[in-house]
Amino acid sequence: MNYYSLNHNSPRVNFAEAALRGQAPDKGLYFPEHIPQLHKSFIENIKSFSKEEIGFAIMKPYVGETITDVDLQHIINETINFDFPLLKITDNISALELFHGPTLAFKDVGARFMSRCLGYFNRHAYHKTTVLVATSGDTGGAVANGFLGVDGVDVIILYPSGKVSKIQELQLTTLGQNITALEVSGTFDDCQAMVKQAFMDNDLNQKINLTSANSINVARWLPQQLYYFFAYQQWQEDEAPIISVPSGNFGNICAGILAHISGLPVKHFIAACNANDVVPQYLQTEQYSPKPAIATISNAMDVGNPSNFIRVLELFNNQFSSLKNKMSSISVDDATTSQTIKDVYQQHHYTLDPHGAVAYYALENYLQTNSGKGFILETAHPVKFSDTVEDAIGISIEFPEQVQHLLSAEKKSIFMQADFNNFKEWLMNR
Ligand SMILES: *Cc1c(COP(=O)(O)O)cnc(C)c1O
């Protein structure tokens, strides 16, 4: 399998090169040359396969010969070594819980797969690779955890001091080993700007082999298909599900659509957005107008110009009418999101996180005028956003087992002003 750039001005590359580059030289996103088609019997017999077998069957065509079968199976087994339960909330709405991984968010799947692939492709490299990531909360934890202990790779995470939740900060700052946390006195945008400038700096790039762990990387995007298949294994209804995905950069829903085009039965997709409504607006008006991001309580979706949306368009051959047939989108405000957390807790004894709540409301709303049954992707554990959730339901949430150890771990971060020259000097002299 080769990958082309969606800007159509760069050579085609294999999976290894696409994963190592992240973005094509013409700044386009990489896209697979063709979409593998699954045998009907694979879907019909899906319940008889293990998660690991499904993982291999789905990923093998995308990876091609760039990773040996034995190593690919090993990478997949490590990527998905936790549960993906589909739980009924009401008769018509279930939740696919994607927060049972080490950092309690769905990003663990993409980050674990990508980190192991990069470790594999770099295994004979003489120079260490340094991964730089700026995070507003969830991404940094998943990436850092994914790369923890991977040979030949150092990870430096920049996070805005005082602007991530308590658990998120502990997840970033207590890992040690090859992971270093820089606590920047500034905003997420400051962190992002420092990282971007580092990638363009000649001195730094001559001395250090810098890489990004960006969410547009094919090695993060493609494995996100897997849990859509795991959900279908657990789906009990005759009719295909309606799937509601809380969306920010649209990588997650784009992976689901890719799985569907490969043969996974899905009746309809709902892209559930917060106040950042570029895509809901686009579906109404056919005008795509990016805007600055607006801060909300579902902050991992505060994106004003979703980077993966161009892949969604490509999946529908840029045909607006086919996209509109298969996917709806709605913008849900913060008050409605909080109210949904409260209502679902009181009526169904299920605790949603703010992102899952946006998806829940979107699906419930859709089912008022459309028939069918569906599920939401519950993308993070509610404890990661405990302030918001506890405000809504009025009781405190227990720390799940995966993060109990964090409470007694020691925070280690390096404090830094939001100043590029400072950052550069520190990187040059490490
Ligand atoms: C990143 C994130 C999202 C948004 O996912 P995209 O792939 O960017 O659309 C939703 N929920 C949570 C909890 C996240 O961390």
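All ligand and atom numbering here is 1-based and tracks the order in the structure. The first residue of the sequence shown is numbered 1, and numbering continues consecutively from there. Since the structure is predicted, the reported quantities are computational estimates derived from the model, not experimental observations.
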* Where do G55 and L226 come nearest, in terms of heavy atoms and distance? ->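 That would be CA-CD2, 3.7 Å.
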* If you measure from each non-hydrogen atom of N249 to ligand 1, which part falls under 4.0 Å: side chain, backbone, both or neither? ->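 The part of N249 near ligand 1 is both the backbone and the side chain.
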* Asked: When you look for heavy atoms under 4.0 Å from ligand 1, do you find them on the side chain of K107, its backbone, both, or neither?
  ->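 Only the side chain of K107 comes within reach of ligand 1.
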Protein heavy atom at shortest distance from [atom]:
atom                    : value
atom 11 (N) of ligand 1 : T379 OG1, 2.8 Å
atom 4 (C) of ligand 1  : G248 N, 3.7 Å
atom 5 (O) of ligand 1  : F106 CZ, 3.4 Å
atom 7 (O) of ligand 1  : N252 N, 2.9 Å

Could you check if a side-chain atom of [X] sits within less than 4.5 angstrom of a side-chain atom of [Y], using non-hydrogen atoms only?
X    : Y    : value
N276 : V303 : no
T296 : M301 : no
L118 : F113 : no

* To do: Looking only at distances, please establish whether an N/O atom of ligand 1 is found under 3.5 Å from an N/O atom of G251.
  =>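 Checking ligand 1 against G251, an N or O pair does fall under 3.5 Å apart.
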* Below 3.5 angstrom, do we get any N/O pair linking F385 and ligand 1? ->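 Not met; the criterion fails.
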Under a 4.0 angstrom heavy-atom cut-off, which atoms of ligand 1 come close to [X]?
X    : answer
P246 : 4 (C), 10 (C)
S247 : 9 (O)
A380 : 13 (C)

* To do: Return the orientation label for the Y4 and H8 ring planes: parallel under 30°, perpendicular over 60°, tilted otherwise.
  =>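 The arrangement is parallel - the two ring planes meet at less than 30°.
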* To do: Would you please classify the geometry between the Y227 ring and the F84 ring as parallel, tilted or perpendicular, with 30° and 60° separating the classes?
  =>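 Rings of F84 and Y227: parallel, under 30°.
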* To do: Report, as yes or no, whether the 6.0 Å neighbourhood of atom CD on Q347 holds more than 12 heavy atoms from other residues, nucleotides or ligands.
  =>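 For Q347, atom CD is crowded (more than 12 foreign heavy atoms under 6.0 Å).
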* Answer yes or no: is there an ion pair linking E237 with K88, defined by an N-O contact shorter than 4.0 Å? =>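 Judged by the 4.0 Å cut-off on N to carboxylate O distance, E237 and K88 do form a salt bridge.
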